[in-house]
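What you see is a predicted model; the values in this text were computed from it and never measured. In what follows, every chain begins at residue 1, and chains take the letters A, B, ... in the order their sequences are listed.
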Amino acid sequence: MASAKNSKLAKSATTEVTERKLATEGTELVIIFRVSPFFRGVLRGSVFPRGIVFMSSQDEQLQQRQSNLAELGNLGIEIYPRRFDRRHTISQLVDAYGLRSHDELEAEKIETVTSGRILTIRSFGKANFLVLSDGRAKVQVYLRQDSLPPLDFQIFKLLDFGDWVGVEGHLFRTKTNEFTIWASRLHFLAKCLLPLPEKWHGLTDVEIRYRQRYLDLSVNPDSRRVFETRSRIVSAIREFMTARGYLEVETPMMQPIAGGAIARPFVTHHNALDMDLYLRVAPELYLKRLTIGGLEKVFEINRNFRNEGISTQHNPEFTMMEFYEAYADYHSLMAMTEEMIGAVARQAIGTDEVTFGDHQISLKAPYRRRSLRHAVAEEASERLGRQVDEKDLRDYWTVVKLARDLALPNYIPPAPGTGGAGRITMDLLERLCEGQLIEPTFVYDFPTEVSPLSKQKPDDPETVERFELYIGGFEVANAFSELNDPAEQRRRFEEQLKERARGDLEAHQMDEDYIRWTRITSERSSTACRRRPARDSASIVSSCC
RNA sequence: GCGCCUGUAGCUCAGUGGUAGAGCAUCCGACUUUUAAUCGGAUGGCCGUUGGUUCAAUUCCAACCAGGCGCACCA
């Protein structure tokens with residue numbers, strides 16, 4: 001509350017201050033200043049002590065709602081009630097009785113006690129309608145002055161859009177056939193002090209929807225469905241893995257070396273140890289250590305952090321599932337992955353036929369399989385109208401020429417010495433093919449150059465046993481047979497170090513500990529597969545969280 | 001990092017070289033079955049910030065700030 005002293009200061013500071021008095025409850029007086037530009041600048045510069053009340057229109061709405069709350073208190077009711085026992089949720093009411101006819105409801109006179117947030121108030125003096133929502137379903141409430149205790153009707157008159165209330169009454173249908181609760185009691189549960197987004201346009205600003213989830217959840221039922229679907233997907237993946245003997249583990253998120261993926265990390269600092277640590281870009285190397293130690297099948301569902309671009313497709317902190325299995329190779333992984341995705345879809349949304357954008361996609365196994373070089377050569381041949389051979393993709397200068405012929409917008413191939421044929425082939429996959437891989441497709445056999453932790457094919461050292469799964473034009477999984485030759489692993493890390501030295505901040509760092517463990521286990525074999533439930537699976541069925 | 005776009009009432013948006021308008025929201029009044037209820041009245045704006053041109057700028061120009069989109073990076 002503004003003190004008299006502050007008022008004086010304000011007046012002497014500007015000639016344009018106008019005052020308006022707004023009586024609130026009791027004896028308090030709020031002074032609202034409508035201020036000149038100069039005065040506002042003074043406010044910002046904190047010349048005045050705190051306590052000056054500057055009111056915008058939104059503040060006035062807050063004031064109004066606070067005043068209504070105070071009035072409710074004056075009625076002698078508890079304005080922050082502790083408990084409300086419902087007989088039904090609104091969803092339960094709608095599910096159980098929402099299709100009953102007018103006559104059925106009249107005959108049954110079903111009594112209910114329920115609660116929800118007020119979405120609309122339509123007032124006709126002595127007859128009034130509320131629409132309440134529990135976030136999933138809505139129901140209309142009919143409040144007649146002569147059907148309610150006088151106190152409850154007074155409560156009604158102090159309600160605002162967004163408040164939470166409890167209602168007792170029986171179910172019926174109005175003249176216009178709307179499923180409605182005829183209220184015999186109205187209970188105040190909680191005040192909404194700030195106005196919710198307006199009802200007609202609703203909350204459509206994507207920016208606000210993501211930054212203020214509570215608002216989105218309050219007014220957009222689809223927002224809740226995304227959360228529910230995501231939760232079911234994660235549960236289904238967990239059940240699928242556990243049922244097959246995989247052990248769920250959690251490995252370090254703060255790592256001295258951010259390894260396991262080609263990505264730029266976030267840096268943080270541990271005070272007691274006085275050392276910088278990286279937020280992990282992948283759990284890979286730690287999961288692999290567990291496999292090496294003898295846990296033959298492990299998985300982890302958790303966050304990873306990548307210090308890169310942000311968009312609807314890229315979240316700096318995203319969830320992914322990663323699993324490792326001894327004695328298996330990447331062919332076993334393809335079979336398991338296609339089985340898992342179909343099973344998870346059936347369990348989470350009840351079908352493995354999904355609509356994604358303009359496409360109908362079947363998630364039922366088996367999925368299409370294409371080697372990477374085959375996929376690129378095929379697409380390039382089609383675009384250029386001439387035969388491109390897979391072996392053209394193994395020579396730097398040939399593939400550079402190919403990339404130039406394709407005239408890809410904004411694409412500059414890496415200069416000699418900063419990336420070879422393998423790197424460019426990967427780029428071509430992403431730019432030529434990725435968006436067209438709508439039907440679930442395994443793209444397999446990757447260039448060794450871009451896969452520092454994968455095992456080479458027995459007859460082809462330029463190629464590793466690795467695949468990526470694409471669905472709906474997005475990469476949803478990446479997997480490979482693990483490299484377990486310590487000498488070769490050291491050579492690969494050294495290659496990565498050279499790339500770092502050339503300025504590639506994403507190239508892998510040397511991880512001596514990892515090599516040491518590889519030595520211990522050089523007679524074993526393991527396999528990694530990754531997929532990302534948070535973004536990709538959710539995006540198959542709806543959108544991301 | 002580069003390019004494009006936007007900034008006017010709480011929200012969604014009109015508009016003009018002579019300091020502003022609508023609908024919704026809010027407040028007051030009427031109304032005992034409404035569906036964005038309706039009707040009558042009222043409140044609410046440094047027209048993003050700073051500077052320039054001008055007798056006069058919310059409007060024209062410039063810079064800046066904030067936000068968005070696209071590209072690049074990336075999953």
Which nucleotide sits closest to the side chain of Ala127(A): C31(B), U34(B), U32(B)?
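Nucleotide nearest to Ala127(A)'s side chain: U32(B).
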
With the side chain of Asn68(A) defined as its heavy atoms from C-beta on, choose the nearest nucleotide among U33(B), U32(B), C27(B).
C27(B)

Distance, rounded to the nearest Å, where [X] contributes [atom1] and [N] contributes [atom2]:
{"X": "Asn307(A)", "N": "A75(B)", "atom1": "CG", "atom2": "P", "result": "14 Å"}
{"X": "Gln64(A)", "N": "A42(B)", "atom1": "CD", "atom2": "C1'", "result": "13 Å"}
{"X": "Asp427(A)", "N": "A75(B)", "atom1": "CG", "atom2": "C1'", "result": "15 Å"}
{"X": "Asp160(A)", "N": "U26(B)", "atom1": "CG", "atom2": "C1'", "result": "9 Å"}
{"X": "Asn128(A)", "N": "A30(B)", "atom1": "CG", "atom2": "C1'", "result": "13 Å"}
{"X": "Arg431(A)", "N": "A72(B)", "atom1": "CZ", "atom2": "C1'", "result": "9 Å"}
{"X": "Arg264(A)", "N": "A72(B)", "atom1": "CZ", "atom2": "P", "result": "17 Å"}
{"X": "Gln66(A)", "N": "C27(B)", "atom1": "CD", "atom2": "P", "result": "14 Å"}

Say we look at [N] and [M]: how far apart would their [atom1] atoms be, to the nearest angstrom?
{"N": "C47(B)", "M": "U16(B)", "atom1": "C1'", "value": "11 Å"}
{"N": "G44(B)", "M": "G21(B)", "atom1": "P", "value": "14 Å"}
{"N": "C4(B)", "M": "U43(B)", "atom1": "C1'", "value": "40 Å"}
{"N": "A25(B)", "M": "A42(B)", "atom1": "C1'", "value": "14 Å"}
{"N": "C31(B)", "M": "G17(B)", "atom1": "C1'", "value": "48 Å"}
{"N": "U19(B)", "M": "U58(B)", "atom1": "C1'", "value": "7 Å"}
{"N": "C46(B)", "M": "U8(B)", "atom1": "P", "value": "11 Å"}
{"N": "U26(B)", "M": "A37(B)", "atom1": "P", "value": "10 Å"}

Checking all strands, does [X] fall into the base, sugar-phosphate, or nothing category for heavy-atom contacts under 4.0 angstrom?
{"X": "Ser123(A)", "value": "base"}
{"X": "Asp146(A)", "value": "base"}
{"X": "Glu178(A)", "value": "base"}
{"X": "Phe172(A)", "value": "base"}

Chi angles and distances behind the salt bridge (charged side-chain N to carboxylate O under 4.0 Å, His left out) call for Lys191(A), Asp160(A):
CA-CA 8 Å; Lys191(A) 194 70 182 165; Asp160(A) 292 295; 2.7 Å; yes

Working note: Glu449(A) + Arg492(A), criterion salt bridge (charged side-chain N to carboxylate O under 4.0 Å, His left out); need CA distance, chi angles, decisive distance, verdict.
CA-CA 8 Å; Glu449(A) 180 190 344; Arg492(A) 301 276 191 90; over 6 Å; no

Ring centres within less than 5.5 Å and planes less than 30° apart: is that true of Phe129(A) and U34(B) in this structure?
yes

Angle between ring planes, Tyr142(A) versus Phe172(A), binned at 30° and 60°: parallel, tilted or perpendicular?
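Tilted, since the angle between the ring planes falls between 30° and 60°.
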
Run through Val464(A), Leu372(A), Leu429(A) and flag the one making a side-chain contact (heavy atoms from CB on, under 4.5 Å) with Pro447(A).
Leu372(A)

Other residues, nucleotides, ligands: >12 heavy atoms within 6.0 Å of Met253(A) CE
yes

Has the side chain of Gln140(A) got a donor or acceptor atom sitting under 3.5 Å from an opposite partner on the base of U34(B)?
yes

Not counting sequence neighbours, which residues clear side chain to side chain contact (heavy atoms under 4.5 Å, CB included) with Leu75(A)? List them please.
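Scan of Leu75(A) (side chain to side chain contact (heavy atoms under 4.5 Å, CB included), adjacent residues dropped) gives Leu72(A), Leu151(A), Gln154(A), Ile155(A), Leu158(A).
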
Give the C-alpha distance, both sets of side-chain angles, the deciding distance and a yes or no for salt bridge (charged side-chain N to carboxylate O under 4.0 Å, His left out) between Glu108(A) and Arg100(A).
CA-CA 10 Å; Glu108(A) 291 176 273; Arg100(A) 299 282 169 96; 2.8 Å; yes

side-chain N/O Arg65(A) vs G10(B) OP1/OP2, d < 4.0 Å
no

Under 4.0 Å from OP1 or OP2 of U34(B): is there any side-chain N or O of Arg122(A) that close?
no

Let me check I have this right: for RNA chain B, each base becomes ., (, ), [, ] or |, based on Watson-Crick or G-U pairs with both distances under 3.5 Å. What is the full string?
(((((((..((((....[..)))).(((((.......))))).....(((((..]....))))))))))))....

Sub-6.0 Å ring centroid separation between Tyr367(A) and Phe442(A):
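Yes, ring centres under 6.0 Å apart.
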
ring-ring contact (aromatic ring centres under 6.0 Å, His included) involving Tyr278(A) - partner list, sequence neighbours excluded
none

